[in-house]
Structures are given as structure tokens and as C-alpha cells.
There are 2 protein chains.
Amino acid sequence: MDIKQYVIEHGRQVNLAAGQHLFRQGEMEDALYFVKQGLFKAYYLCQDGKELVKSFIAEGDVITNLSAVFEREPCTFSLLALEPAALVKVDFDSLYQHTLDDLELSRFMLASLIKLAQKKERREYEFLCLDATTRYQQLMQHQPDLLHRITQNDIARYLGITPVALSRIKHGRKA
Amino acid sequence: MDIKQYVIEHGRQVNLAAGQHLFRQGEMEDALYFVKQGLFKAYYLCQDGKELVKSFIAEGDVITNLSAVFEREPCTFSLLALEPAALVKVDFDSLYQHTLDDLELSRFMLASLIKLAQKKERREYEFLCLDATTRYQQLMQHQPDLLHRITQNDIARYLGITPVALSRIKHGRKA
DNA sequence: CGAGGTAATTAACCTAGGTTAAAACGCTGA
DNA sequence: TCAGCGTTTTAACCTAGGTTAATTACCTCG
């Protein structure tokens with residue numbers, strides 16, 4: 001079955017206002033979402049209360065909390081709508097079961113997972129090998145569009161630095 | 001077809017001595033490897049000549065350079081045998097084509113990719129939210145076995161710090 | 001056994017980025 | 001218009017980790 005067909009048959013529309021959570025760290029979650037409209041930030045809340053941004057998710061992206069739905073554990077991060085959003089919600093287990101029996105669905109999942117793995121590998125590379133200034137430049141190059149929809153605070157926490165440090169970097173004040 | 005069967009039919013044995021490379025950053029590569037024996041480090045060589053360790057790969061693991069084989073680009077990292085190693089080499093394109101037409105192979109690929117994605121997400125979390133000391137403790141907890149097979153230099157470069165810093169952390173000398 | 005090589009430790013000093021707090025700069029809404 | 005609130009900037013100071021280099025601890029090989 002085509003993934004679009006599957007989503008039409010099994011999906012449920014979900015709408016969120018900006019500022020609302022799709023799910024929260026610690027909660028149980030069993031769904032996978034297709035983003036039709038809007039912008040999300042996925043973020044971790046650390047023990048010391050700090051918030052770090054795992055990723056931004058926009059139209060066309062698929063989002064789920066892998067370890068949560070797959071291992072049936074509490075969500076490892078929260079997902080917050082930064083803009084009014086429209087999504088389609090699909091039960092993960094059910095989709096996964098169908099995937100195991102349907103070559104066309106399976107191809108879709110494979111492609112999505114490879115894309116995800118590549119994205120995470122690039123991020124791993126950036127944290128491992130680049131300093132904050134270079135990471136910021138890369139972000140500007142590769143996602144210039146994103147920067148206009150996101151607050152500088154969130155960009156900083158995505159880069160793994162503080163808003164203060166990002167402001168310094170932007171204004172070339174390092175000494 | 002069962003993945004084991006596929007490997008038996010299409011795989012080619014490869015043996016490496018400790019210190020030999022399976023492939024090098026910048027080279028072209030089109031294979032996927034199943035590690036039967038041995039230990040590898042995957043590492044990046046940065047522009048400034050520094051070496052950072054992406055991951056360690058041991059018996060039972062599957063290793064490939066995703067972006068290289070999938071996007072037909074030069075390898076993004078090098079793979080070096082730290083111990084004498086035995087692997088089975090499989091052509092990626094061919095396996096991928098079979099995967100697209102065979103549910104059983106497809107299930108294997110899905111499972112591998114999900115495992116990979118989870119591993120990379122955990123690493124992303126660690127870089128984003130934890131300091132070097134905590135990352136080291138986590139590593140000791142989750143892979144105590146690895147530590148005995150790997151040099152402290154490599155552990156440091158895997159944690160994203162210098163060997164000097166790791167030595168300081170181990171001996172509680174922070175001031 | 002001793003020479004040479006790598007890995008680990010230590011010390012002194014340096015820098016990127018964190019912390020805190022205070023201003024400046026928008027907004028939006030009454 | 002202006003009050004109120006979040007975002008960004010700036011400044012002063014602090015700390016984790018980097019850098020360099022010297023010292024020590026292991027190995028392996030002749």
C-alpha cells in the first residue's frame with residue numbers, strides 16, 4: 001500500500017496553536033506524525049533545568065519519539081509548536097506492523113530512516129569536529145530559511161551554546 | 001530471503017590486521033560490512049589535522065559509510081582496525097535492491113536502521129546536554145567492556161575532548 | 001638487559017564559552 | 001500612547017577544557 005493511502009485510511013487530523021505541546025518529555029506516546037503545516041522544536045529538559053534543542057521540524061517532515069514508541073518508554077524529549085500547526089497522527093505500532101508485511105510501506109520507512117540516520121550523523125560530526133562559530137555558519141548556509149522563523153534563543157540552544165554566546169559570535173566579539 | 005542466507009550467497013570474506021584501514025576518508029566505497037571478529041574505530045580527520053572518533057565497531061555490528069554508499073560521495077570518515085579483524089563484505093547497492101523486493105531482508109534493514117538511529121540520538125543527547133565528565137561516566141556504565149580494548153587517547157577523542165582532559169577527569173583534578 | 005616508541009600523567013598557561021545582571025530593543029495589547 | 005514582557009545585547013567575571021611541553025610509565029624488539 002502507498003504511504004499516502006495508508007495515512008488517508010488510518011490517520012487522524014491534529015491541529016495545534018503556537019505554544020502548545022504535541023507531547024512532553026516523560027509522558028507515554030505511541031504515535032508518529034506527518035507535519036502538514038507549522039514549525040516545531042524538539043527539546044530536552046536537563047536535570048539542571050536547562051533546555052536544549054534537539055531539532056526543528058517543519059512541513060513535510062515526519063516526527064516521532066523513536067525510543068518512546070519503539071521501546072514503550074516515556075518520551076525522551078518534548079515537542080512544542082512554534083507556529084500554528086496541522087498534522088496527521090498515525091499509530092506507530094499499527095504502521096510498523098503493516099510495514100513488516102507490505103513492501104511499499106517498507107520502502108517508505110527505509111527511505112525515512114536512512115534520511116534520519118544521515119541527518120543525525122551530520123549533527124554528530126558537527127558537535128564532534130566543529131566549534132560553535134563554525135556550527136552557526138553551517139546552519140546559516142544550509143538552513144537560511146529556518147533562521148527567520150526561529151528566535152535567536154532557540155538557535156543558540158540548538159547549537160549547544162547560550163544565547164549570550166550566540167550574540168557574541170554574531171557580533172564578532174570574542175576577546 | 002533470510003539475511004544470513006543472503007550474506008552466505010553474496011558476501012566475500014575480508015581479513016585485516018590491526019592497524020590496517022578498511023576504507024579511508026575521501027575514498028569511494030560501495031560496500032557494507034558485517035563484523036565477525038575484531039574491533040574498529042571510525043574517525044574523522046578534521047581540516048586542522050585533528051582526529052575525532054565517531055564510533056567504535058565490534059563483533060556483531062554492521063558497518064558502512066551511509067552517505068558514501070547511498071549518495072555515491074567520497075567517504076566522510078575512515079575505518080581502522082584496532083585488532084585483527086574478520087568481516088564479510090557485501091555490495092550495498094545490490095543488497096539495497098534486494099531489500100526493496102524482499103520483505104524479510106527489508107525487516108532486517110528496518111531493524112538495523114532503527115537501532116542506528118537510536119544510537120545516534122543518544123549520542124546527540126550526550127553532546128547536547130552532558131559535560132565531558134558525565135559523558136565519560138555514562139560510557140563506563142554502558143560499555144565497560146569497550147574501555148579495556150581501547151586506548152585512553154581514543155576514548156578521549158570519542159568523548160570530544162583531548163587525552164589531557166580525560167586524564168584530568170579520571171584523577172579528579174579540575175582546579 | 002637496554003633502546004626506542006607510544007600512552008598516560010602532570011603542570012603552567014590560555015581561550016571559548018558559561019553565568020549573572022543590567023541595559024536596550026522590540027513587540028503587543030489596553 | 002504607554003505599560004509590560006520577551007528577546008537581544010553588553011559587560012564583568014568565572015570555569016571547563018585546550019595547548020604545549022616535560023616527565024613518567026609501559027611495551028616490544030634487538
Side-chain angles (χ1 to χ4, degrees), chain A residues 17-21 39 41 43-53 56 80-84 123 126-140 146-175, chain B residues 17-21 39 41 43-53 56 80-84 123 126-140 146-175:
Chain A
Q20 287 193 301
H21 278 83
L39 180 64
K41 75 168 168 184
Y43 66 96
Y44 294 109
L45 224 51
C46 300
Q47 42 318 335
D48 60 357
K50 237 173 296 182
E51 174 191 320
L52 280 303
V53 176
F56 298 104
L80 173 70
L82 299 175
E83 300 175 0
R123 196 147 155 80
E126 289 175 354
F127 276 122
L128 204 49
C129 301
L130 310 179
D131 64 13
T133 303
T134 315
R135 292 204 296 276
Y136 175 59
Q137 290 165 348
Q138 299 266 43
L139 182 62
M140 285 198 301
L146 254 193
L147 297 191
H148 304 298
R149 300 168 73 180
I150 298 174
T151 187
Q152 207 168 296
N153 280 356
D154 282 337
I155 294 174
R157 288 188 267 263
Y158 173 74
L159 294 174
I161 58 179
T162 60
V164 176
L166 180 52
S167 175
R168 275 196 291 241
I169 287 172
K170 276 184 57 176
H171 297 84
R173 211 173 306 97
K174 301 184 182 187
Chain B
Q20 287 193 300
H21 278 84
L39 180 64
K41 75 168 168 185
Y43 66 96
Y44 294 110
L45 224 52
C46 300
Q47 45 312 343
D48 60 358
K50 236 171 297 182
E51 174 191 320
L52 279 305
V53 176
F56 299 104
L80 173 71
L82 299 175
E83 300 175 1
R123 196 148 154 80
E126 289 174 353
F127 276 122
L128 204 48
C129 301
L130 309 179
D131 64 12
T133 303
T134 316
R135 292 204 296 277
Y136 175 59
Q137 290 165 347
Q138 298 266 42
L139 182 61
M140 285 198 300
L146 255 193
L147 297 191
H148 304 299
R149 301 168 72 179
I150 298 174
T151 187
Q152 206 168 297
N153 279 357
D154 282 337
I155 294 173
R157 287 187 266 264
Y158 173 75
L159 294 173
I161 59 178
T162 60
V164 177
L166 179 52
S167 175
R168 274 196 293 243
I169 287 171
K170 276 184 58 176
H171 297 84
R173 209 174 307 97
K174 302 186 181 187

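In what follows, chains are A, B, ... by sequence order, proteins preceding strands, each numbered from 1.
Between His171(B) atom NE2 and dT24(D) atom P there is a gap of 16 Å when expressed in whole angstrom units. dT10(D) atom P lies 10 Å from atom NZ of Lys170(A), rounded to whole Å. Here dA16(D) presents its P atom at 14 Å from CZ of Arg135(B), a figure rounded to the nearest Å. Atoms CZ (Phe127(A)) and P (dG17(C)) sit 12 Å apart, rounded to a whole Å. With rounding to whole Å, Ile150(B) atom CD1 is found 15 Å from dA7(C) atom C1'. Per the geometry, CG belonging to Leu147(A) stands 12 Å off P belonging to dT8(D), to the nearest Å. One can place CD1 of Ile169(A) at 14 Å from P of dT10(D), the figure rounded to the nearest angstrom. Computed from coordinates, the Asp131(B) CG to dG17(C) P distance equals 16 Å when rounded to whole Å.
Leu52(B) and Leu128(A) make their closest contact through CG-O, 3.5 Å (heavy atoms, listed as atom of the first residue, atom of the second, distance). Ile169(A) and Ala132(A) make their closest contact through CD1-CB, 3.9 Å (heavy atoms, listed as atom of the first residue, atom of the second, distance). The minimum heavy-atom distance between Lys41(B) and Glu51(B), with the atom names listed, is NZ-OE2, 2.7 Å. When all heavy atoms of Ala17(A) and Ala81(A) are compared, the closest pair comes out as O-CB, 3.7 Å.
Applying the side chain to side chain donor-acceptor pair (under 3.5 Å) rule to Gln137(B) yields no partners; only residues at least two apart in sequence or on another chain are considered. Residues passing the salt bridge (charged side-chain N to carboxylate O under 4.0 Å, His left out) test with Arg123(B), sequence neighbours excluded: Glu124(A). Every residue meeting the side chain to side chain contact (heavy atoms under 4.5 Å, CB included) condition with Leu139(A), not counting sequence neighbours, appears here in chain and number order: Gln143(A), Leu147(A), Ile155(A), Tyr158(A), Leu159(A).
With Arg157(B) contributing its side chain and Val53(B) its backbone, the two residues share no donor-acceptor pair below 3.5 Å. Remark: the backbone N or O of Asp154(A) is not paired with any side-chain donor or acceptor of Thr151(A) at under 3.5 angstrom.
Between Arg149(B) and Leu82(B) the shortest side-chain heavy-atom distance does not fall below 4.5 Å.
Note: Met140(B) CE to Gln138(B) CD = 10.0 Å, rounded to the nearest 0.5 Å.
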Protein proximity profile, nucleotides 18-30 of chain C - base contact B, sugar-phosphate-only contact S, no contact -, cut-off 4.0 Å on heavy atoms: BBB----------
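Less than 4.0 Å separates DNA chain D from at least one heavy atom of each of the following residues of residues 152-159 of chain A: Gln152(A), Asn153(A).
Axis angle between the ends of the helix from dC1(C)-dG30(D) to dA30(C)-dT1(D), five pairs each and rounded to 10 degrees, works out to 40°.
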